[in-house]
Amino acid sequence: MNIDRMEFIAWMERIMDRFDILGERLENVQKQKNSIDGEELLDNQDLFMILKVSARSLQRYRSSGKLPYYTISGKLYYKLSDVHQFIRESFSVPLRK
């Protein structure tokens with residue numbers, strides 16, 4: 001079997017297009033899986049990266065009631081809007097002289 005170069009390139013481009021489509025579909029499924037009422041859910045790892053805090057600090061925010069959370073199958077999740085609200089309430093803008 002002999003395939004010329006142009007035919008091979010076209011075939012590879014079609015395969016790569018299919019991979020792109022599959023990647024987009026997987027991202028959509030992942031987003032739907034990590035959402036509730038159409039709102040994105042974040043886990044502890046996401047909050048560690050966003051807030052740049054330790055696990056203990058995150059525990060303190062939950063225990064004090066400052067950061068609402070949800071437990072689903074033993075795993076903790078946070079609504080993105082709750083995280084944004086927490087950031088607005090917790091961090092103030094420095095005063096300028």
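Residue numbers run from 1 in the order of the sequence given. When reading the values below, keep in mind they use all heavy atoms of this one structure, side chains included, and skip hydrogens, waters and symmetry mates.
Residues Phe48 and Leu51 share a single hydrophobic cluster, defined by chaining ILVMFWY side chains whose heavy atoms lie under 4.5 Å apart. Placement of Ile50 and Leu76 within a single hydrophobic cluster is found when ILVMFWY residues are connected by side-chain heavy-atom separations under 4.5 Å, directly or transitively. Both Phe8 and Ile15 are assigned to one and the same hydrophobic cluster, defined by single-linkage of ILVMFWY side chains at heavy-atom distances under 4.5 Å. Residues Phe19 and Met12 share a single hydrophobic cluster, defined by chaining ILVMFWY side chains whose heavy atoms lie under 4.5 Å apart. At a threshold of 4.5 Å between side-chain heavy atoms, the hydrophobic network of Ile, Leu, Val, Met, Phe, Trp and Tyr places Leu47 and Tyr70 in two separate groups.
Between Phe86 and Tyr61, the distance separating the two ring centers is shorter than 6.0 angstrom.
Here the side chains of Arg5 and Ile9 are in contact, with some heavy-atom distance below 4.5 Å. You'll find the side chain of Leu41 stays beyond 4.5 Å of the side chain of Leu80, heavy atoms only. Residues Lys79 and Pro68 form no side-chain contact, since every pair of their non-hydrogen atoms from C-beta on lies 4.5 Å or further apart.
Looking at Asp43 and Tyr78, their side chains never bring a donor and an acceptor atom within 3.5 Å of each other. Defined by atom type and a distance below 3.5 Å, a donor-acceptor pair is present between the side-chain atoms of Arg62 and Gln59.
With Ser54 contributing its side chain and Ser57 its backbone, the two residues share a donor-acceptor pair below 3.5 Å. Side chain of Ser63 to main chain of Arg60: no donor-acceptor pair is present (N/O by atom type, distance under 3.5 Å, no hydrogens or angles).
Atoms OG and CD, on Ser81 and Glu39 in that order, are 3.0 Å from each other to the nearest 0.5 Å.
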